[in-house]
Amino acid sequence: MISGATHALTLAYALSPASLGVTVSSALLGTILGSMFAGIPGDRWGRRTSLRIMAVLYMVSSLGCAFAWGWSSLVFFRFIGGLGIGGSSVLGPMYIAEVSPAKWRGRLVGFFQFNVVCGVLAAYLSNYLLGLAGLGLRSGAGSWVSRHSRRFCFS
């Protein structure tokens, strides 16, 4: 979740409110497009192979964001991650429905959605707890945490 890193990003890249909005929303745009077009490779190559491609997009996005050399590269790799998120949110339930027995199908797809929601909740909770513990961005431009915090937020 980028919500815990917006302040560090603003400082690291000297972002205006508009450019911070672009940074945050780039993953959402990728998610929308990924969910709209994930069915095409899913039908062509199968759900399982397509989910593996989504996993590669996750890895490329994570590494790209962690080692972003500038603001535009960060936005690009967040977009790539959004494609993976959107694609896997469509292909995951479809694959589960294909491989599960008929009497378990609805329950297993429901568990998939439940796990996604629990993961989002855990991310927000961890952001909150890190902030309470004082492990977030420290004041002072020269502190180690403010120079390197974005690396931890994305990797």
Side-chain angles (χ1 to χ4, degrees), residues 1-10 12-13 15 18-133 135-137 148-155:
M1 292 291 143
I2 197 168
S3 64
T6 55
H7 184 67
L9 286 172
T10 302
Y13 293 110
L15 299 178
S19 56
L20 179 63
V22 169
T23 306
V24 171
S25 65
S26 61
L28 181 58
L29 178 62
T31 302
I32 293 168
L33 293 175
S35 63
M36 286 174 56
F37 298 110
I40 296 169
D43 289 339
R44 181 172 294 156
W45 301 311
R47 312 303 187 245
R48 185 172 164 181
T49 302
S50 298
L51 282 169
R52 288 181 176 154
I53 294 169
M54 297 303 120
V56 170
L57 291 177
Y58 280 124
M59 185 179 67
V60 168
S61 173
S62 177
L63 292 173
C65 287
F67 299 108
W69 52 90
W71 175 71
S72 58
S73 64
L74 176 68
V75 171
F76 173 75
F77 286 115
R78 284 189 47 76
F79 176 78
I80 296 297
L83 290 175
I85 293 167
S88 62
S89 68
V90 170
L91 295 169
M94 290 168 56
Y95 179 70
I96 292 169
E98 285 179 355
V99 299
S100 59
K103 70 178 189 173
W104 286 78
R105 193 167 295 146
R107 187 175 313 168
L108 292 175
V109 171
F111 277 135
F112 172 84
Q113 298 299 333
F114 179 75
N115 287 334
V116 169
V117 171
C118 285
V120 170
L121 177 63
Y124 279 116
L125 183 62
S126 67
N127 278 342
Y128 175 72
L129 294 175
L130 286 171
L132 280 182
L135 298 174
L137 183 67
H148 301 286
S149 61
R150 71 181 179 92
R151 302 286 184 215
F152 293 110
C153 294
F154 299 113
S155 54

Worksheet entry | Spacing of C65 atom SG and F77 atom CZ [to the nearest 0.5 Å] | 7.5 Å
Discussion item. Let me confirm one number: the CD-CG distance from E98 to L91, rounded to the nearest 0.5 Å.
Written reply: 9.5 Å
Worksheet item: Which residues satisfy the side-chain contact (heavy atoms from CB on, under 4.5 Å) test with A97, sequence neighbours excluded?
Response: R105, V109
Worksheet item: Within the distance-only criterion (no hydrogens, no angle test), does the side chain of S62 pair as donor or acceptor with the backbone N or O of Y58 below 3.5 angstrom?
Response: no
Worksheet entry | Heavy-atom closest contact (S88 atom, P93 atom, distance) | O-CD, 3.9 Å
Discussion item. Donor-acceptor check, side chain of R78 to backbone of V24, threshold 3.5 angstrom: yes or no?
Written reply: yes
Fill in: Closest non-hydrogen atom pair between L51 and G92, with its separation
CD2-N, 3.8 Å
List the atom pairs, with distances to 0.1 Å, where a side-chain N or O of residues 116-128 and a protein N or O form a donor-acceptor pair under 3.5 Å, not counting sequence neighbours.
unit_1	atom_1	unit_2	atom_2	d
S126	OG	A122	O	3.3
S126	OG	A123	O	2.8
N127	ND2	S3	OG	3.3

Worksheet item: Is S50 reaching over with its side chain to a backbone N or O of P41, donor-acceptor style, under 3.5 angstrom?
Response: yes
Worksheet item: Do Y13 and T23 come within less than 4.5 Å of each other through their side chains, counting heavy atoms only?
Response: no
Worksheet item: Would you call S72 and F76 a side-chain contact if the rule is heavy atoms closer than 4.5 Å?
Response: no
Worksheet item: Sub-3.5 Å donor-acceptor pair from the side chain of S61 to the main-chain atoms of L57, do we have one?
Response: no
Practice prompt. Give, for atom OG1 of T31 and atom CE of M36, the distance between the pair rounded to the nearest 0.5 Å.
Written response: 12.5 Å
Response to the item:
Separation between CZ (F114) and CG (L108), nearest 0.5 Å, reads 14.0 Å
Discussion item. For the CD1 atom of I85 and the CD1 atom of I32, what is their distance to the nearest 0.5 Å?
Written reply: 11.5 Å
Worksheet item: Of the non-hydrogen atoms in V22 and W71, which two are nearest, and what is the gap between them?
Response: CG1-CZ2, 3.9 Å
Fill in: Gap between atom OG1 of T49 and atom OH of Y95 - 0.5 Å precision
9.0 Å
